[in-house]
**Student:** 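The structure follows.
The chains referred to below are lettered A, B, ... by the order of the sequence lines, with proteins before strands, and numbering in each begins at 1.
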Number of protein chains: 2
Amino acid sequence: METLDTVPDEDFLRLDHQICFSLHAATRAFNGVYREALKELGLTYPQYLVMLVLWEHGELPVKGIGERLRLDSGTLSPLLKRLEAAGYVERRRSAEDERSVTVRATGAGAELRERALGVPRRIAAATGLDLAEIAELRDRLGALAARLDGIDPDALRPSCG
Amino acid sequence: METLDTVPDEDFLRLDHQICFSLHAATRAFNGVYREALKELGLTYPQYLVMLVLWEHGELPVKGIGERLRLDSGTLSPLLKRLEAAGYVERRRSAEDERSVTVRATGAGAELRERALGVPRRIAAATGLDLAEIAELRDRLGALAARLDGIDPDALRPSCG
DNA sequence: CACGATTTAGTTGTGCACAACTGAATCGTG
DNA sequence: CACGATTCAGTTGTGCACAACTAAATCGTG
């Protein structure tokens, strides 16, 4: 089998162009499709992800949301502020640990879930993938992400290439 | 085989949580890995994509870059201005069509290519995927993106779900 | 040729990602 | 108990994505 070592740098650069582009394109295409589907709910895609975890887990501290979505407070704080302004979530300082802020869906947020139920099905139908393919894609992407997250930054430095 | 139609909305919402998350996570993990690898070059990931197309195609109008990367002038104009400020590209109004701005790599931009040659190999090695797997992932993502880009927006509206 | 439609870059405004930082609360160890 | 280290949310600044818009050049049709 052809191994990585036998391929010239030039070919790698070309292949890189292709895979970078397709990953970038797939992500933006997915975002675009969700943007369209979520327009009627008044949610962005990241806001929808936050609502999904709140619907699934009930109330969570900001940190808990961040762990599940791999987002930090710099991203979540303003996003949650917008969700709060829209009336979908409420935030309050935890009584037990006043460093922590607990986030939970409001009544309007719960109603939103009912309106959101149809979204994933329409997306799935639009992709033309069946359930098994969707699950496989999920697993591949999940495995890739886990592997990438586990990379030692030093392995990306020139000295180790 | 289980079809989409027989799956309850609730299960879809849960599956959606998973696939949204894994796509989002894979993208951000990839971005993070590239960010690290490109740090020494002083490039961001989108800037690197632009340099890749310029290295491959020689000079291109802004529109040509946008078509290849599916980016509009609102994204490209400031990005190119930064690449120009860094000395990697130069822009000049086309003589034939003064609406158009031609972008090409400078000498420093060409030197950057030499230093960039090792990057994709290190990324590929870090993913632990072999060439065939990389090519397969590229094709799957490309096909998915093409399918998503081709979706009729109306198909995402509630009335058609 | 004239003039409305189109094309091309660019600008503005909103939202997300992330690094670096701040400040307050809490924890752990002496 | 005291005090330095850590944790947590939030802020600031930079860059990207995208929608909506502007201005200038070009095109196409009468």
**Student:** Let me know the distance between CG of A/N31 and C1' of C/dG15, rounded to the nearest Å.
**Tutor:** 12 Å
**Student:** From NZ of A/K39 over to P of C/dT14, roughly how many Å is that when rounded to an integer?
**Tutor:**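 The answer, rounded to whole Å, is 18 Å.
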**Student:** Let's go through B/L49 and B/L71 carefully: what are the C-alpha distance in whole Å and the side-chain angles of both, what is the deciding distance for side chain to side chain contact (heavy atoms under 4.5 Å, CB included) to 0.1 Å, and is it a yes or a no?
**Tutor:** CA-CA 11 Å; B/L49 294 181; B/L71 293 172; over 6 Å; no
**Student:** Any carboxylate oxygen within less than 4.0 angstrom of a Lys/Arg side-chain nitrogen, looking at A/R35 and A/E40?
**Tutor:** no
**Student:** Whole Å only: how far is the CG atom of A/L69 from the P atom of C/dA17?
**Tutor:** 9 Å
**Student:** Please determine if B/R147 and A/E133 form a salt bridge, counting it only when a charged side-chain N lies under 4.0 Å from a carboxylate O.
**Tutor:** no
**Student:** Specify the separation, in whole Å, of atom CG of A/L71 and atom P of C/dG15.
**Tutor:** 17 Å
**Student:** Looking at C/dC18, C/dG15, C/dT26, which one has an atom nearest to any side-chain atom of A/Q47?
**Tutor:** C/dG15
**Student:** Kindly point out which of C/dA17, D/dT26, D/dA17 is positioned nearest to the side chain of B/P46?
**Tutor:**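 Looking only at heavy atoms from C-beta outward on B/P46, the closest nucleotide is D/dA17.
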**Student:** Does the gap between the ring centers of B/Y45 and A/H24 come in under 6.0 Å?
**Tutor:** yes
**Student:** Measure the distance from CG on B/D72 to P on D/dT22 and round it to the nearest whole Å.
**Tutor:** 17 Å
**Student:** For B/L79 and D/dC18, give me the distance from atom CG to atom P, rounded to whole Å.
**Tutor:** 13 Å
**Student:** Does atom CZ (B/R70) have a neighbourhood of more than 12 heavy atoms from anything else shown, all under 6.0 Å?
**Tutor:**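 Result for CZ/B/R70: open.
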**Student:** Can B/R91 and B/E84 be counted as an ion pair, charged N to O under 4.0 angstrom?
**Tutor:**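 Counted as a salt bridge, because a side-chain N and a carboxylate O are separated by less than 4.0 Å.
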**Student:** For the pair made of OH in B/Y34 and P in C/dC18, what is the distance, rounded to whole Å?
**Tutor:** 16 Å
**Student:** Would you give a per-nucleotide map of nucleotides 3-11 of chain C, 5' to 3', where B means the base has a protein non-hydrogen atom under 4.0 Å away, S means only the sugar-phosphate does, and - means neither?
**Tutor:** ----BSBBB
**Student:** According to the Watson-Crick and G-U wobble definitions, with both distances under 3.5 Å, which nucleotide is paired to D/dG30?
**Tutor:** C/dC1
**Student:** Decide, yes or no, whether a salt bridge links B/R140 with A/E136 under the criterion of side-chain N to carboxylate O below 4.0 Å.
**Tutor:**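 Here B/R140 pairs with A/E136 in a salt bridge, since their nearest N and O are under 4.0 Å apart.
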**Student:** What's the CZ-P distance between A/F30 and D/dA17, to the nearest Å?
**Tutor:**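 Rounding to the nearest Å, CZ of A/F30 and P of D/dA17 are 18 Å apart.
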**Student:** Write down the partner of C/dG15 under the Watson-Crick or G-U wobble criteria, each distance required to be under 3.5 Å.
**Tutor:**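 The answer is D/dC16, by the H-bond criterion.
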